[in-house]
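Structure record follows, encoded as structure tokens.
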Amino acid sequence: MSVSIGVVALQGAFTEHVFMLQRLVEVSHCFEIRSSKDIDPTTTQLDGIILPGGESTAMGTLLGRDPALRDFLRSWVQQGKPIWGTCAGLILLSDAVAPAGNGDDGRVRIGGLHVTTLRNAFGRQSASFEAPVLLRELLPSVGDAAADGSLFPGVFIRAPIIERVDTDGGVQVLATVEGCLDGDTVARDVVVAVRQGNMLGSSFHPELTSDPRFHLFFINICLQAKKAG
């Protein structure tokens with residue numbers, strides 16, 4: 001069995017996600033979703049959706065200009081279908097975002113992921129960094145990429161963190177990283193990836209690495225949902 005994955009291509013690192021998916025035999029088809037015209041709910045074969053990193057405010061504004069696509073994505077989430085948001089995509093999926101007043105309100109977010117996300121948690125673009133992410137749940141093994149199965153190469157670019165998690169709402173912490181938040185002087189462990197049912201959110205960019213394990217993890221979620229039918 002294989003899956004078809006759509007990557008929302010409004011803005012940001014959607015091309016890198018497509019390139020990663022094209023490497024994987026479990027993906028029979030992947031395509032860019034640039035507008036609601038690329039989706040026909042009655043005929044489009046689609047097993048999972050990826051919301052890439054980029055500028056969450058810009059992406060939210062573009063979604064606001066295409067209410068049919070926004071509503072399709074909200075309906076997708078409400079139906080419990082597989083979706084993964086990375087960085088800005090995580091912000092769009094989050095039920096709450098801090099700090100407020102940056103244009104990321106309920107009119108332009110998709111929501112459904114029961115977390116509070118803190119934007120630009122580590123600071124501006126110049127504070128972007130790479131660091132090993134500690135996995136709470138092991139990812140699929142892929143050759144040398146799983147030499148240390150408890151770690152994943154994290155690429156953080158103006159990254160958010162997941163500040164609050166609603167465990168009663170079914171949210172499971174998947175990964176943390178040790179980092180120094182903007183304004184802090186001491187590093188601490190912060191949550192950077194979660195799962196809630198068929199929803200996946202990560203504040204870092206697996207598509208900018210050569211390690212396909214997070215993509216395979218999401219594909220396995222899609223396969224399980226497809227089998228459950």
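For E16 (side chain) and P52 (main-chain N/O), no donor-acceptor pair under 3.5 Å exists by modelled atom type. Distance alone, capped at 3.5 Å, places no donor-acceptor pair between the S94 side chain and the V115 backbone. The closest donor-acceptor contact from the side chain of Q196 to the backbone of H114 lies under 3.5 Å. One N or O on the side chain of R74 and one on the backbone of R109 form a donor-acceptor pair closer than 3.5 Å. A donor-acceptor pair under 3.5 Å is formed between the side chain of S4 and the backbone N or O of Q45. Formation of a donor-acceptor pair under 3.5 Å by the R195 side chain with backbone atoms of G197 is found in this model. No donor-acceptor distance shorter than 3.5 angstrom exists from the side chain of S2 to the backbone of V27, with no hydrogens or angles considered. Listed for the W76 side chain is no donor-acceptor partner under 3.5 Å among the backbone atoms of G48.
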CA sep, side-chain torsions, deciding dist, call: L200, L174, side chain to side chain contact (heavy atoms under 4.5 Å, CB included): CA-CA 9 Å; L200 189 61; L174 294 180; 3.2 Å; yes
Stepwise side chain to side chain contact (heavy atoms under 4.5 Å, CB included) test for V190 and L118: CA-CA 11 Å; V190 293; L118 177 64; over 6 Å; no
Check against side chain to side chain contact (heavy atoms under 4.5 Å, CB included), I39 and F31: CA-CA 11 Å; I39 294 293; F31 63 100; 4.2 Å; yes
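Separating the CZ atom in R119 from the SG atom in C87 is a distance of 10.0 Å, to the nearest 0.5 Å. The CG atom of L51 sits 9.0 Å away from the NE2 atom of H17 when rounded to the nearest 0.5 Å. Atom-to-atom distance recorded for T86:OG1 and L93:CG is 9.5 Å, nearest 0.5 angstrom. Note that NE2 of H29 and CD1 of I5 are 10.5 Å apart. Values are rounded to the nearest 0.5 Å. The CG atom of D47 lies 13.0 Å from the CD atom of Q224; values are rounded to the nearest 0.5 Å. Rounding to the nearest 0.5 Å places OG1 of T176 at 4.5 Å from CG of L134.
Across all their heavy atoms, R136 and V173 have their closest contact at CB-O, 3.5 Å. Closest heavy-atom contact between M199 and G111: CE-O, 4.2 Å. Residues P160 and S203 share a closest heavy-atom pair of O-CB, 2.9 Å. When all heavy atoms are compared, the tightest approach of D211 to M20 is O-CE, 3.6 Å. The two residues E32 and V18 make their nearest non-hydrogen contact at CG-CG2, 4.1 Å. A pairwise comparison of heavy atoms in L135 and A175 identifies CD2-CB, 4.1 Å as the closest pair.
Considering only heavy atoms from C-beta on, V171 stays 4.5 Å or farther from I162 through its side chain. Counting only heavy atoms from C-beta outward, the side chains of F152 and T209 approach each other to under 4.5 Å. Annotation: side chain of L62 is not in contact with side chain of L69 (no heavy-atom distance under 4.5 Å). At least one side-chain heavy atom of L181 sits less than 4.5 Å from a side-chain heavy atom of R188. Side-chain contact check for V7 versus E207: every heavy-atom pair is 4.5 Å or farther apart. Annotation: side chain of I161 is not in contact with side chain of T117 (no heavy-atom distance under 4.5 Å). Residues L113 and I83 are not in side-chain contact: their nearest non-hydrogen atoms beyond the backbone lie 4.5 Å or more apart. Counting heavy atoms from C-beta outward, F156 and V177 have side chains that approach closer than 4.5 Å.
Side-chain polar atoms of D66 and S36 form a donor-acceptor pair below 3.5 angstrom.
Aromatic ring orientation, F214 versus F217: perpendicular (interplanar angle above 60°, classes split at 30° and 60°). A perpendicular orientation is assigned to the rings of F122 and F129, their planes being inclined by more than 60° (bins at 30° and 60°). Classification of the F218-W84 ring pair by plane angle, with boundaries at 30° and 60°, yields tilted.
Linking ILVMFWY residues whenever their side-chain heavy atoms come closer than 4.5 Å, directly or via other members, leaves V97 and I157 in distinct clusters. Residues L208 and F14 are members of separate hydrophobic clusters, defined by side-chain heavy-atom contacts under 4.5 angstrom among Ile, Leu, Val, Met, Phe, Trp and Tyr. V155 and L216 fall into different hydrophobic clusters, defined by Ile, Leu, Val, Met, Phe, Trp and Tyr side-chain heavy atoms under 4.5 Å apart, directly or through other members.
Evaluated for a side-chain contact (heavy atoms from CB on, under 4.5 Å) with I110, the options D95, D71, L63, I91 yield exactly one hit, L63.
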